[in-house]
There are 2 protein chains.
Amino acid sequence: MATIKDVAKAAGVSLSTASYAINGNRKISEATRAKVLEAAKQLNFQKNGWATDLKRSSTKTIALIVSDMSGPYYSELIRGVQEIAFENGYDLIACSSFGGNESTAIKFLKEKRVDGVIVSAHNLQDEPILESARKGFPIVVLDRHLKSDHIYNVLVDNEQGGYMATELLIKNGCKRIAYISNSSSSYDHKLRYKGYMQALNDYGYKSASNLNVNGKFTIDDGYRATKLLIAQRNLPDAIFYANDEMAVGGMQAFKESGIRVPEEISVIGFDDILLAEYMNPPLTTIRQPKYEVGSLAAHLILQLLDGKSIDHEYMLPTELVVRKSCLLRE
Amino acid sequence: MATIKDVAKAAGVSLSTASYAINGNRKISEATRAKVLEAAKQLNFQKNGWATDLKRSSTKTIALIVSDMSGPYYSELIRGVQEIAFENGYDLIACSSFGGNESTAIKFLKEKRVDGVIVSAHNLQDEPILESARKGFPIVVLDRHLKSDHIYNVLVDNEQGGYMATELLIKNGCKRIAYISNSSSSYDHKLRYKGYMQALNDYGYKSASNLNVNGKFTIDDGYRATKLLIAQRNLPDAIFYANDEMAVGGMQAFKESGIRVPEEISVIGFDDILLAEYMNPPLTTIRQPKYEVGSLAAHLILQLLDGKSIDHEYMLPTELVVRKSCLLRE
DNA sequence: ATGAAAGCGCTAACAG
DNA sequence: CTGTTAGCGCTTTCAT
């Protein structure tokens, strides 16, 4: 691949002249510029942006690390980050933490210099993140609580959400309310569970059943967990799933078994993914302000890059979205 | 931020020794290594991976460019690329072409050196892609036909898909079949349309109506286009939407207007996004082999990077997925 | 086993 | 207006 050196040689000018010409610096004469540009075209020259960044000591790009670039969950979040970054002349690149400590994510945290990083990946441990935080390299973490000088937290009030979900079920007249989650519960899921227990407690109920399956909060995991529950033949009258994807899987399982939602069992999810609205029946759920989380995170990074000093913790509320998957019993 | 230079100084060794120690080269004595590592820890040293890449002339990462990182469409595709890349020790980063010629995408094509690029973004013009193609920098394009020495195409047989969709409708007994798409039709959408017209022709039908809305193939655009069609009060008995998202919007419009799908009107989409299966009624559609496209693209990049010489064009078939949104009329 | 020095591709301060 | 030169942070050959 041709370098700027080759271009300079071909055009018969010095390195710097070539550089100036290519970057449109005005002190180069039209004639020379044309010569250089022509040579560049001939050689099919493309500049190596990382070399530029190296020189400039800034990449003008921020990285977003997600646990699964391909999941339905991240859509809105990404949009939030994207828009803010773009408006401010920053690039956004996303990479996944698929592969754990060997993952691209870790490399971006530790090696590939970007100006800032937003981390939303529960399958990443705390240490690599903590170790990566350093002055001049702002990190915003989204789904966990991490305290460190150079780490900032954007949190969603999962506990409140869990509480609201459970309370709705209770007020609807459900007596036996189960919670289905994942055994390797992440920070936010633990809080949802806490909210669930709190509500139960406040109203003098106790947990009907509390199923933790191994898995990754996917549709499939929800399906399997629910099948298990059905097989045990002692169905509660409502289930609070730790997230929408699991709820979707659950509803599928119920449909297959001829159990009607919400007539026979109420279902509530968490997140409000796109799918939720289109389910049959439409899924009642707790909405996370995903777009807001994303754009806030981007804003914070930008402010930090700007040398501003800001709070270390931000908490955003959740919102109950009532649709048709929960029955009002009398 | 501390550099390796600082570490070397702090440890009282030379630059090269520090580098060797940090990279685990065995010719460094245990004592020195320990000293260096200690200094690195003290200074919170993190190496700059781009500098390494610059030196090594390889980044071991491939970039995936998509038109909308946040859309529901790309999930499977990304997974396909991700898995293959990861298995082969490559990193994957995704960036969006949001912002057109100023976008991060263009920078990755032209400036930020990665080892290879996969492009799936209809909102990017041909030129920047063509201009970026050069020896030793493989580009695989997914949603368009682009001929150039260093560009490789992975295509899905959209025409066949369009044909199958239309044929199903015809065989189901629909007489008046409309096609709803986007005016700025991209390459693959044109082919879908061609398949549609071909089928109509083969069976001696003609197009009932052919609505092109301005927009971006989103749920919302489908909704608006359908509302328009409804307002015109001369509904066809089947609609072939250019993609699932538009079909979803269409079904929403029908529901609001009290028009029953499929009893009063049959609906078919294209892509088979996650949502399709969960619609009410479940959406009949044409499946694109998204995962396969992604993994094939990744494989190609890897082979090219390996110096192998391969075909320039690959065509994958589509598949009809019959669900409940099309009525069998007699 | 360790260090000096060249160089990856680029920019920019300085001199002319 | 153009060229010389130092240097961004790192690896690696070659000497010692």
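Everything numeric in this text was worked out from a predicted model, so none of it was measured. To find a chain, count down the sequence lines: A is the first, B the second, and so on, and within it residues start at 1.
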Are any of the side-chain nitrogens in Asp53(B) or Arg113(B) under 4.0 Å away from the carboxylate oxygens of its partner? no
Using modelled atom types and a 3.5 Å cut-off, is there a donor and acceptor pairing between side-chain atoms of Asn153(B) and backbone atoms of Glu313(B)? no
Mind checking if Asp53(B) touches a base, just sugar-phosphate, or nothing, with heavy atoms under 4.0 Å? nothing
Separation of Arg113(A) atom CZ from dC10(D) atom P, in whole Å? 9 Å
If a pair satisfies side chain to side chain donor-acceptor pair (under 3.5 Å) and one of its residues is in residues 289-303 of chain A, list it, with sequence neighbours excluded. Glu83(A)-Tyr291(A)
Base, sugar-phosphate alone, or nothing: which one does Thr3(B) contact when heavy atoms must sit under 4.0 Å apart? sugar-phosphate
Atom CD of Glu30(A) and atom P of dC1(D) are separated, to the nearest Å, by 10 Å
Whole angstroms only, please: what is the CG-C1' distance between Asn48(A) and dG9(D)? 14 Å
N-O pairing of Lys35(A) and Glu38(A) below 4.0 Å: no
If you find the nucleotide of DNA chain C closest to Thr17(B) and the one closest to Leu15(A), which residue's nucleotide is nearer the 5' end? Thr17(B)
Ile4(B) CD1 to dT12(D) P, straight-line distance once rounded to whole Å: 11 Å
Record whether the side chain of Tyr20(B) comes under 3.5 Å of the base of dT13(D) through a donor-acceptor pair of N or O atoms. yes
Quick check for you: name the first and last nucleotides of DNA chain C, 5' to 3', having an atom under 4.0 Å from a heavy atom of chain B. dA1(C) to dG9(C)
